[in-house]
Number of protein chains: 2
Amino acid sequence: MSLPHAILTALLEKPSSGLELTRRFDKSIGYFWSATHQQIYRELGKLEQAGHIRALPAPVPVRGQRKEYEVLPAGRAELGTWVARTEDPKPMRAALLLRMRAAAVVGASGLRAELTRHLALHQEQLDEYLAIETRDFPSERRHSEPDRLRHLVLRGGIEMERFWVEWLTGALAELGTE
Amino acid sequence: MSLPHAILTALLEKPSSGLELTRRFDKSIGYFWSATHQQIYRELGKLEQAGHIRALPAPVPVRGQRKEYEVLPAGRAELGTWVARTEDPKPMRAALLLRMRAAAVVGASGLRAELTRHLALHQEQLDEYLAIETRDFPSERRHSEPDRLRHLVLRGGIEMERFWVEWLTGALAELGTE
DNA sequence: GAATCTTCTGCAACTAGTTGCACAAAGGGA
DNA sequence: TCCCTTTGTGCAACTAGTTGCAGAAGATTC
């Protein structure tokens with residue numbers, strides 16, 4: 001049940017409409033919790049129902065009209081308790097590792113191309129994260145607590161991508177010696 | 001659509017019944033593609049329907065009787081084409097990173113405990129992987145291709161857990177300086 | 001030989017996420 | 001003025017994964 005909390009976080013950072021949220025989920029929060037516009041609209045409905053957010057009053061409430069949402073105190077409280085909630089880590093799901101395991105059984109032909117492609121994608125993502133880091137967290141300054149936390153999150157993304165880049169590089173080298 | 005292929009891989013490694021598969025998914029393949037017994041039974045049904053596997057003939061086919069499955073040539077072929085299939089990496093889903101991002105907005109109280117707990121869990125998993133590595137892949141020997149691929153998969157798991165251990169350690173240190 | 005525990009299979013109903021499409025309104029052109 | 005694209009919201013139907021429960025068969029124990 002993370003999506004509603006992802007949305008609450010995003011809305012606290014800045015009140016937004018559904019489509020705006022969707023766009024922001026394509027970067028930033030969406031880097032580690034992605035969602036389609038469909039999920040977001042549905043969840044906004046539920047959150048409003050639950051009294052966690054409300055639509056800012058619009059002149060004419062009709063279908064197809066943009067609706068901006070803001071977080072209500074109840075929503076902020078909910079997010080607060082969720083942050084401290086206990087939840088076991090979900091076992092990872094790595095389709096590529098599964099594929100390689102299958103390749104060990106039926107042969108690795110054709111796998112190289114896919115590994116190469118993924119390596120490029122992960123390298124690209126890594127570069128993007130690094131660019132964000134130099135832009136948003138220039139080294140020397142003293143940062144506020146929220147900024148330090150956000151930086152930690154970004155570091156997580158960076159190291160995760162670095163892991164993939166390194167693993168894929170190693171795997172390709174290993175496959176190359178056939 | 002990875003689960004059917006995970007099952008095909010497991011069955012090729014060794015024909016099994018539903019419950020045996022479930023147990024094997026609790027380790028080994030399940031380390032990076034977990035599944036409940038429910039998913040597995042359902043998927044076995046579909047795979048049999050599709051002619052990819054078959055139940056070994058049992059004397060009395062009744063409910064509650066164990067059924068052992070083996071992969072048919074069509075199933076092996078399907079797995080072969082799947083290995084080489086192109087599929088974009090799914091964006092990662094890291095609830096902990098999301099939580100930390102939320103903490104940046106509503107305050108990090110209570111987060112420390114959860115981070116500490118996760119650190120212990122990931123450390124434990126890492127140790128388990130390392131134990132498997134020393135048991136199954138003693139360093140000096142020349143390994144066959146399938147073994148080298150399986151080792152690569154295991155290395156993936158190891159480095160992934162190491163990533164979490166390091167990130168969590170760093171995060172705790174950073175939070176500690178408050 | 002009856003009670004009960006374990007093993008194994010499975011149905012049903014749920015939550016979460018995805019895909020395809022529809023419809024309204026606004027802003028440009030031609 | 002009419003068409004067309006863009007922006008924004010949303011329904012419906014799907015796939016994937018989870019949870020709760022139940023029932024048959026065999027082993028165990030009293």
Side-chain angles (χ1 to χ4, degrees), chain A residues 1-8 10-11 15-26 29-30 32-50 53-56 58-69 82 87-95 98, chain B residues 1-8 10-11 15-26 29-30 32-50 53-56 58-69 82 87-95 98:
Chain A
M1 277 252 314
S2 297
L3 181 57
H5 303 99
I7 292 180
L8 286 174
L11 285 181
S16 309
S17 68
L19 196 62
E20 267 178 86
L21 277 178
T22 304
R23 296 212 201 298
R24 291 172 56 200
F25 265 72
D26 285 344
I29 286 189
F32 43 88
W33 205 273
S34 64
T36 63
H37 74 123
Q38 260 319 314
Q39 283 177 276
I40 289 173
Y41 280 120
R42 232 180 323 179
E43 212 56 59
L44 283 172
K46 287 190 204 164
L47 284 167
E48 188 173 24
Q49 203 78 38
I53 63 175
R54 64 160 188 160
L56 294 180
V60 203
V62 261
R63 186 193 158 99
Q65 201 77 10
R66 64 175 279 113
K67 248 190 298 184
E68 186 133 291
Y69 290 95
W82 177 76
E87 189 176 358
D88 283 343
K90 295 246 167 288
M92 73 161 151
R93 244 145 221 256
L98 188 59
Chain B
M1 279 252 313
S2 297
L3 181 57
H5 302 100
I7 292 180
L8 286 174
L11 285 182
S16 309
S17 69
L19 196 61
E20 266 179 86
L21 277 179
T22 304
R23 296 212 202 298
R24 292 172 56 198
F25 266 71
D26 286 344
I29 286 189
F32 42 89
W33 205 273
S34 65
T36 63
H37 73 123
Q38 261 317 314
Q39 285 177 273
I40 289 172
Y41 280 119
R42 232 181 324 181
E43 212 55 59
L44 283 173
K46 286 190 204 165
L47 284 167
E48 188 174 21
Q49 204 78 38
I53 63 176
R54 64 160 189 161
L56 294 180
V60 203
V62 260
R63 187 193 158 101
Q65 200 76 8
R66 64 176 281 112
K67 249 190 295 183
E68 186 132 293
Y69 289 94
W82 177 75
E87 189 176 0
D88 282 345
K90 296 246 166 288
M92 74 162 150
R93 240 141 225 258
L98 188 59

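Excluded from the calculations below are hydrogen atoms, water molecules and symmetry mates; all remaining heavy atoms, backbone and side chain alike, are included. Naming: A, B, ... by sequence-line order, numbering from 1 per chain.
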Rounded to the nearest angstrom, tell me the gap between atom [atom1] in [X] and atom [atom2] in [N].
X       : N      : atom1 : atom2 : value
A:His5  : C:dT15 : NE2   : C1'   : 15 Å
B:Met92 : C:dG17 : CE    : C1'   : 18 Å
B:Glu43 : D:dA16 : CD    : P     : 7 Å
A:Arg24 : D:dG8  : CZ    : P     : 14 Å
A:Tyr69 : D:dG10 : OH    : C1'   : 10 Å
A:Leu19 : C:dA24 : CG    : P     : 18 Å
A:Ile40 : D:dG8  : CD1   : P     : 13 Å
B:Lys90 : D:dA16 : NZ    : C1'   : 11 Å

Would you say [N] has OP1 or OP2 under 4.0 Å from some side-chain N or O of [X]?
X       : N      : value
B:Gln39 : D:dT18 : yes
B:Arg23 : C:dT7  : no
B:Tyr41 : C:dG10 : no

What's the closest nucleotide to the side chain of [X] if the choices are [options]?
X       : options                : result
A:Arg93 : C:dC8, D:dG10, D:dG17  : D:dG17
A:Lys67 : C:dG17, D:dG10, D:dG8  : D:dG10
B:His37 : D:dC21, C:dT19, C:dT7  : D:dC21
B:Met1  : D:dT7, C:dT9, D:dA16   : D:dA16
A:Trp33 : C:dT18, D:dT19, C:dG17 : C:dG17
B:Leu3  : D:dG17, C:dG17, D:dT19 : D:dG17

When you compare the side chain of [Y] with that of [X], does any pair of heavy atoms fall below 4.5 Å?
X       : Y       : value
A:Phe25 : A:Ile7  : yes
B:Arg24 : B:Ser16 : yes
B:Arg54 : B:Tyr69 : no

| request: Answer with base, sugar-phosphate or nothing: what part of the nucleic acid does A:Thr22 contact at a heavy-atom distance below 4.0 Å? | output: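 Nothing, no nucleic acid heavy atom in range.
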| Residues two or more places apart in sequence or in another chain: which of them pass side-chain contact (heavy atoms from CB on, under 4.5 Å) with B:Pro91? |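 B:Pro91 satisfies side-chain contact (heavy atoms from CB on, under 4.5 Å) with A:Ser34 once adjacent residues are dropped.
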| Can you name the residues that form a side-chain contact (heavy atoms from CB on, under 4.5 Å) with B:Thr22, not counting sequence neighbours? |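 Testing B:Thr22 for side-chain contact (heavy atoms from CB on, under 4.5 Å), a comparison that skips the adjacent residues, returns B:Leu19, B:His37, B:Ile40.
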| field | Polar side-chain contact B:Arg42-D:dT18 base: donor and acceptor under 3.5 Å | value | yes
